[in-house]
Amino acid sequence: MSEQVLRNGNVMERSRTRTITQIAMLGALAGVLMNIEFPIPFLAPSFYQLDFSEIPVLVGTFAMGPIAGILIEVVKVLVHLVTMGTVTAGVGDLANFIFGCTFVVPAGLIYRLHHTKSRKHAVLGMAAGTLLTTAAACLMNAFVLLPAYGKAFGMPIEAFIEMGAAVNSSVHSLLGFVALIIVPFNLFKYTLTSVIVFFIYKRIRVILKGD
């Protein structure tokens with residue numbers, strides 16, 4: 001075996017180790033951020049909370065690709081489960097994983113599949129991820145999450161609609177709740193995440209050396 005082959009093998013092994021380490025670190029950071037939540041009372045009832053856990057996930061996805069982004073999401077949710085537990089038998093955590101992947105995977109694909117990676121491609125990717133995640137959140141909340149939360153806390157769907165009406169008086173039905181609460185909340189959350197990543201990614205990429 002030639003010295004060049006050995007050298008290439010060592011480089012690949014170091015690169016693989018660095019990638020695994022970065023996935024673990026970004027996932028752990030995302031898990032911690034997932035535990036730090038803030039209500040947005042002007043947009044949604046208090047049980048919808050804003051967190052910034054998708055920031056390190058999206059940074060890792062841009063730097064290392066969509067597969068890495070999915071793995072970071074896995075680590076994030078596991079860290080959250082270990083440190084905080086769950087009140088929905090894991091339904092909410094599974095939904096968070098699905099939403100996270102729906103956000104970062106399209107963003108990473110659009111950004112990284114172009115030969116010349118640019119801010120334009122990053123913005124297009126984040127916009128696509130934001131819209132797809134908002135649509136997924138509407139479907140998941142209407143058909144899975146709200147019924148699951150209702151069962152967990154012994155509340156009928158009408159109770160959630162009343163809570164939505166307290167925020168926006170135009171909410172009178174489940175459809176209204178989805179359109180006037182879930183849509184604005186998710187657009188705000190993922191747009192804010194996108195804006196933050198837009199301004200910090202180039203600096204963090206230098207550290208990650210993923211591009």
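Just so you know, these numbers come straight off a predicted model, no measurement behind them. Numbers here are sequence positions counted from 1.
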| side-chain contact (heavy atoms from CB on, under 4.5 Å) evaluation trace for Thr130 with Phe103 | CA-CA 6 Å; Thr130 296; Phe103 176 56; 3.6 Å; yes

To the nearest 0.5 Å, what is the distance between [atom1] ([X]) and [atom2] ([Y])?
X	Y	atom1	atom2	result
Ile98	Asp93	CD1	CG	11.0 Å
Asp51	Phe38	CG	CZ	9.0 Å
Met163	Tyr48	CE	OH	9.5 Å
His172	Ile161	NE2	CD1	11.0 Å
Asn35	Met84	CG	CE	5.0 Å
Tyr111	Lys120	OH	NZ	14.5 Å

So which heavy atom on [X] is nearest to which on [Y], and how close?
X	Y	value
Ala142	Val178	CB-CG2, 4.0 Å
Phe177	Pro45	CE1-CG, 4.3 Å
Pro41	Val167	O-CG1, 3.6 Å
Pro184	Ala179	CD-O, 3.5 Å
Val75	Ala24	CG1-O, 4.1 Å
Gly176	Val171	O-CG2, 3.9 Å

If hydrophobic clusters are built from ILVMFWY residues whose side chains come within less than 4.5 Å, do [X] and [Y] share one?
X	Y	answer
Val195	Met126	yes
Ile55	Val123	yes
Ile70	Ile20	no
Leu33	Leu26	no
Leu81	Val91	yes

So does [X] have more than 12 non-hydrogen atoms from other groups sitting under 6.0 Å from [atom1]?
X	atom1	answer
Phe47	CZ	yes
Phe199	CZ	no
Lys151	NZ	no
Ile67	CD1	no

Excluding Leu131, membership of its hydrophobic cluster (Ile, Leu, Val, Met, Phe, Trp, Tyr; side-chain heavy atoms within less than 4.5 Å) reads Val183, Leu187

* N/O donor-acceptor pair under 3.5 Å between Thr61 side chain and Gly108 backbone ->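 Looks like no, no N/O pair under 3.5 Å.
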
| request: For the pair Thr133 and Lys189, evaluate side-chain contact (heavy atoms from CB on, under 4.5 Å) and give the outcome as yes or no after the intermediate values. | output: CA-CA 10 Å; Thr133 308; Lys189 175 181 178 178; over 6 Å; no

Quick check: Phe99 with Tyr190 (ring centres under 6.0 Å apart)?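 That pair fails the under 6.0 Å test.
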
Could you tell me if the side chain of Asn141 sits less than 4.5 Å from the side chain of Ile181, heavy atoms only?
no

Legend entry - Met155 and Tyr149: CA distance, side-chain angles, deciding distance, side-chain contact (heavy atoms from CB on, under 4.5 Å) verdict: CA-CA 8 Å; Met155 298 170 59; Tyr149 291 146; over 6 Å; no

Check: Would Leu146 and Ile157 satisfy side-chain contact (heavy atoms from CB on, under 4.5 Å), going step by step from the backbone distance to the final call?
Finding: CA-CA 7 Å; Leu146 290 178; Ile157 294 296; 4.0 Å; yes

Using the side-chain hydrogen bond (donor to acceptor under 3.5 Å, both in side chains) criterion, which residues pair with Lys76? Sequence neighbours excluded.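 Lys76 satisfies side-chain hydrogen bond (donor to acceptor under 3.5 Å, both in side chains) with Glu54, Glu73, Asn96 only.
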
In a check of side-chain contact (heavy atoms from CB on, under 4.5 Å) between Val57 and each of Val197, Leu71, Val104, which one passes?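 Only one of Val197, Leu71, Val104 forms a side-chain contact (heavy atoms from CB on, under 4.5 Å) with Val57, namely Val104.
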
